[in-house]
Amino acid sequence: MVLDEVSISSSQTSAINSESSSQHKRRSSSNEHGPIVPEKLDSTNFISWSKHAKLNITGRGKLGYLTGKKKAPSEEEDEEGYEVWVEEDSLVQAWLLSSMHKEVRENYEASVSTKQNGAPLHGYYSNMKKIWQELDILDPLRLKDVDSITYMANRVTKHRVYFFLAGLDPHLDGVRSRILNTKPLPSIEEAYSQVSATTKKNSISHPKLPRLRFAVAIGPFFATALRRQSIRS
């Protein structure tokens with residue numbers, strides 16, 4: 001009799017736990033399509049936005065995707081688990097992107113990657129220019145000495161040429177090497193012009209050259225870039 005009572009009690013506990021788990025899953029599922037913040041992110045409300053975003057993502061059981069603690073399983077060893085991870089990671093990315101105002105989202109998407117990754121050259125160059133313009137606004141040169149200003153401006157220009165060239169696709173290695181070996185180093189506008197001329201020449205010589213889709217190429221960078229935001233604090 002005692003064993004029967006223990007068995008019944010155990011079954012009841014299991015049933016209660018199962019029901020509780022099911023209710024939790026239903027609540028989580030019903031919340032997954034709702035907004036994660038009361039107000040979308042703009043240039044004035046980052047602290048409030050980040051707190052609400054973190055709280056709601058935690059409540060939906062997906063904090064690990066935000067902090068990076070939820071690691072992707074090996075696709076070779078656990079294909080099903082990997083697919084689930086990709087789906088849930090994409091869901092968190094979608095929540096974050098949909099919680100931003102259009103202007104903020106466009107600026108973020110433009111600056112997600114500093115690599116060409118198969119994108120058209122003019123698109124890659126435009127994205128880099130947007131990043132540099134934002135940096136100039138956020139961290140302007142505050143030097144009073146003319147010589148110091150000239151020196152720092154030249155140094156910034158050189159660094160931008162290096163970054164631009166470093167992000168080019170591998171099939172542009174030749175023109176990249178030629179520009180890097182030019183003395184003095186050309187301006188960013190001149191560097192872009194030389195690369196553009198080479199790209200046009202190559203497109204004429206090899207009209208069927210395959211190119212990666214940009215959206216697919218930058219996809220893996222979304223989660224990493226978002227996690228680097230101060231949202232985790």
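Ring geometry, Tyr125 versus Phe164: the interplanar angle exceeds 60°, so the pair is classed perpendicular (tilted spans 30 to 60°).
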Checking Leu168 against Leu121 for the side-chain contact (heavy atoms from CB on, under 4.5 Å) test, could you report, in this order, the C-alpha distance in whole Å, the side-chain angles of both residues, the deciding distance, and whether it holds? CA-CA 8 Å; Leu168 293 173; Leu121 179 66; 3.8 Å; yes
**Item:** Worked check of side-chain contact (heavy atoms from CB on, under 4.5 Å) between Gln116 and Leu172
**Value:** CA-CA 11 Å; Gln116 187 180 0; Leu172 294 170; 3.8 Å; yes
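For Val86, the side chain to side chain contact (heavy atoms under 4.5 Å, CB included) partners two or more places apart in sequence, or in a different chain, are Tyr82, Ser90. With sequence neighbours left out, the side chain to side chain contact (heavy atoms under 4.5 Å, CB included) criterion links Ser74 to Glu76, Glu77. Here Lys158 pairs with Tyr162, Leu185 under the side chain to side chain contact (heavy atoms under 4.5 Å, CB included) rule; sequence neighbours left out. By the side-chain hydrogen bond (donor to acceptor under 3.5 Å, both in side chains) test, Asp42 pairs with Thr44, sequence neighbours left out. In this view, Ser99 and Trp49 satisfy the side-chain hydrogen bond (donor to acceptor under 3.5 Å, both in side chains) rule, not counting sequence neighbours. In this structure, the side chain to side chain contact (heavy atoms under 4.5 Å, CB included) partners of Asp147, at least two apart in sequence or on a different chain, are Asp145.
Under a hydrophobic-cluster definition in which Ile, Leu, Val, Met, Phe, Trp and Tyr are linked whenever side-chain heavy atoms come within less than 4.5 Å, directly or via other members, Leu91 and Leu55 are assigned to different clusters.
In this structure, Thr199 and Val175 have side chains that are not in contact, with every pair of non-hydrogen atoms separated by 4.5 Å or more.
The backbone N or O of Trp85 sits nowhere less than 3.5 Å from a side-chain atom of Asp89 that would complete a donor-acceptor pair.
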